[in-house]
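This structure is a prediction, so every number in the text was calculated from the model and none was measured. FYI, the numbering just counts along the sequence from 1.
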Amino acid sequence: MTRCRPIYLILVGWMTFALSPASAQRSYAPNSVLSNGNWFKFSVAQPGIYKIDLAFLAQLGVSTSNLSSASVRIFGNGGEMLPEAANGTRTDDLVENAIWIEDGGDGIIN
């Protein structure tokens, strides 16, 4: 009568992967864009083109007297769902959105 011997399988590659630190898998921005400046939050209901005027900025609490057009920037990540794949690429900070500012050529929004 022959006895069955147990077979042992060692998954060295799997063990190495499981022991690697998670921080080595991603790279992060050195500083958040939120660390500097004055920030005001607003949202939009639908994708599209929106007009932001002085009245809207004042409603947000922005001091609109002598407001430099170079100081206005809009950031956001689009409000989309995170990717289903856990290993998908994700931005770890806010992305600057393209804007058009009509200031009359003097650099001041008025």
key: Test item: L94 and N77 side chains (from C-beta on) under 4.5 Å apart, heavy atoms   = yes
Atom pair [atom1] ([X]) and [atom2] ([Y]), whose distance is rounded to the nearest 0.5 Å:
X    : Y    : atom1 : atom2 : value
L60  : W39  : CG    : CH2   : 13.5 Å
S69  : I101 : OG    : CD1   : 5.5 Å
N97  : R73  : CG    : CZ    : 11.0 Å
T64  : F56  : OG1   : CZ    : 13.5 Å
I74  : I99  : CD1   : CD1   : 5.0 Å
I109 : S71  : CD1   : OG    : 6.5 Å

In one Ile/Leu/Val/Met/Phe/Trp/Tyr side-chain cluster, 4.5 Å: F40, L54 = yes
inquiry  = Quick check: is F75 connected to V95 through a chain of hydrophobic side chains (ILVMFWY, heavy atoms under 4.5 Å apart)?
reply    = no
key: Heavy atoms of other groups near N38 CG, more than 12 under 6.0 Å   = no
key: Contacts of Y50 that satisfy ring pair (Phe, Tyr, Trp, His ring centres under 6.0 Å) - sequence neighbours left out   = none
request  = Measure from the side-chain N and O atoms of D92 to the backbone N and O of A29, and report whether any donor-acceptor pair falls under 3.5 Å.
outcome  = yes
request  = Check each of S32, P30, S35 against D93 using the side-chain contact (heavy atoms from CB on, under 4.5 Å) test, and report the only one that passes.
outcome  = S32
